[in-house]
Amino acid sequence: MDLKIATWNVNSLTVRLPQVLNWLGEQQPDILALQETKLTDPAFPTLDFANAGYQAVFSGQKTYNGVAILSRLPAVDPVTDLPGLDDPQRRVLGATVGEVRVVNLYVPNGQAVGSEKYAYKLDWLEKLIAWLQTELDRHACLVVLGDFNIAPDDRDVHDPTAWAGQVLCSEPERTAFRRLLDLGLRDTFRLFPQEERSFSWWDYRAAAFRRNLGLRIDHILASPALATRCTACQVDKTPRRLERPSDHAPVIAEFTAPTDL
DNA sequence: ATGGTGGCGCGGCCA
């Protein structure tokens, strides 16, 4: 059986729950990582997902942030913090699902280059890189996915000139992303030919989605052993076209089962 | 257009 793994920043799971449930029914992923659930843990709609055939682990907070992993198989050995970072913001959720170690990330946005939030983002990324080095040592099959809030390359930006040096595109952020790849992680989206101007996020303002003025900031990275089994990766723009959408579209990667090797 | 939209929650922050 192949393995289908997806990520989706839903920008409030309360608002988007019906869309997520519909999408799970249509796409039937094995694993879905959610970001910006904006829910405390007691408010998480565990039963709705159970009725849809999915287990859930989650790390949430009120109003901001919040991450969750939905999976067909149980998710075990959860981790909710970056080592060395004492942080109330709920942005990290690691768990093991079957043979795969899953690390779900909601990377800080960074607000503006030079701001306090930008410094926090770069520090956060430093701690992430150090931790993922150890995770790669521990887990041959590792997927690191989520909202990275980094457009890795000019190809991932609708207007690279306008965005040059801006937050989400700045060199320090891109260097941090490159260091993730230097650890051995592969950007599964770039393992395959893709349409030009493929993005995963479009601002709510200025009719950005209709004009395809977006960025590719949601990513699915895979360890070497898992990347060799990757058969596809694409953005599913369908939910972005709905009424009251998230500003992000889901990204889906598919992998052959280890027995298919 | 120094704005624009959306979520949370009811003023202002965050994206």
Side-chain angles (χ1 to χ4, degrees), chain A residues 7-23 33-45 48 58-68 82 85 87-93 104-125 128 145-152 156-170 172-174 176-177 199-219 235-251:
Chain A
T7 179
W8 193 3
N9 179 323
V10 291
N11 186 20
S12 170
L13 186 55
T14 304
V15 174
R16 237 62 70 186
L17 181 61
Q19 293 183 18
V20 175
L21 290 169
N22 283 340
W23 191 82
L34 300 175
Q35 304 86 36
E36 284 203 90
T37 55
K38 300 185 176 180
L39 282 170
T40 57
D41 290 347
F44 195 90
D48 293 281
F58 36 85
S59 179
Q61 68 184 86
K62 192 174 165 60
T63 310
Y64 302 115
N65 307 313
V67 285
L82 293 179
L85 192 71
D87 190 356
Q89 300 190 36
R90 303 292 79 202
R91 299 179 172 278
V92 174
L93 184 57
N104 177 18
L105 303 175
Y106 176 45
V107 177
N109 172 282
Q111 194 176 54
V113 173
S115 68
E116 273 185 36
K117 291 192 176 70
Y118 182 77
Y120 163 71
K121 179 179 194 173
L122 294 183
D123 180 57
W124 195 97
L125 288 165
L128 173 71
L145 77 174
D147 177 359
F148 286 66
N149 270 316
I150 300 172
D156 305 311
V157 181
H158 70 88
D159 186 345
T161 306
W163 279 85
Q166 301 296 308
V167 74
L168 312 185
C169 299
S170 74
E173 293 164 88
R174 286 181 168 177
F177 189 86
F199 309 123
S200 67
W201 170 83
W202 301 261
D203 200 300
Y204 284 122
R205 295 165 287 190
F209 180 68
R210 182 178 58 71
R211 300 156 68 198
N212 197 30
L213 306 182
L215 302 178
R216 191 176 71 93
I217 57 176
D218 300 272
H219 307 297
V235 177
D236 180 9
K237 289 169 76 170
T238 313
R240 190 63 179 79
R241 300 190 179 99
L242 298 172
E243 297 262 348
R244 249 190 137 183
S246 168
D247 46 350
H248 295 252
V251 182

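Labels below follow one simple rule: chain letters A, B, ... track the order of the sequence lines, proteins then strands, and each chain is numbered from 1. Note that the coordinates shown come from a computational prediction; the quantities given were computed from them, not determined experimentally.
Residues A/N212 and A/K237 meet the side-chain proximity criterion, which asks for heavy atoms closer than 4.5 Å. Side-chain contact between A/W8 and A/V20: present, with at least one pair of heavy atoms (C-beta onward) separated by less than 4.5 Å. The shortest distance between side-chain heavy atoms of A/D123 and A/L85 falls below 4.5 Å. Side-chain contact between A/I217 and A/D147 is present, with heavy atoms from C-beta onward closer than 4.5 Å. The closest side-chain heavy-atom distance from A/K38 to A/T63 is not below 4.5 Å.
Taking the P atoms as reference points, B/dA15 lies 15 Å from B/dG9, given to the whole Å. Annotation: B/dG12 and B/dT2 have their P atoms spaced 22 Å apart (nearest Å). When the P atom is used for both B/dG3 and B/dG7, the distance is 22 Å, rounded to whole Å. Rounded to whole Å, the separation between the P atoms of B/dA1 and B/dG11 comes to 34 Å.
A donor atom on one side chain and an acceptor atom on the other are found under 3.5 Å apart for A/N65 and A/R91.
Nucleotides of DNA chain B that come within less than 4.0 Å of any heavy atom of chain A span, from the 5' end to the 3' end, B/dG4 to B/dA15.
Interatomic distance, CG of A/L125 versus CD1 of A/I150, reported as 5.0 Å (0.5 Å rounding).
DNA chain B is contacted by A/Y106, A/N109, A/K117 of residues 106-119 of chain A, taking any non-hydrogen atom closer than 4.0 Å.
Take the nearest nucleotide of DNA chain B for A/Y64 and for A/T37: the residue whose nucleotide is more 5' is A/T37.
For A/Q166 against A/E173, the heavy-atom pair with the smallest separation is O-OE2, 4.0 Å.
Within the nucleic acid shown, A/R91 comes within 4.0 Å of sugar-phosphate atoms alone, with no base atom in reach, counting heavy atoms only.
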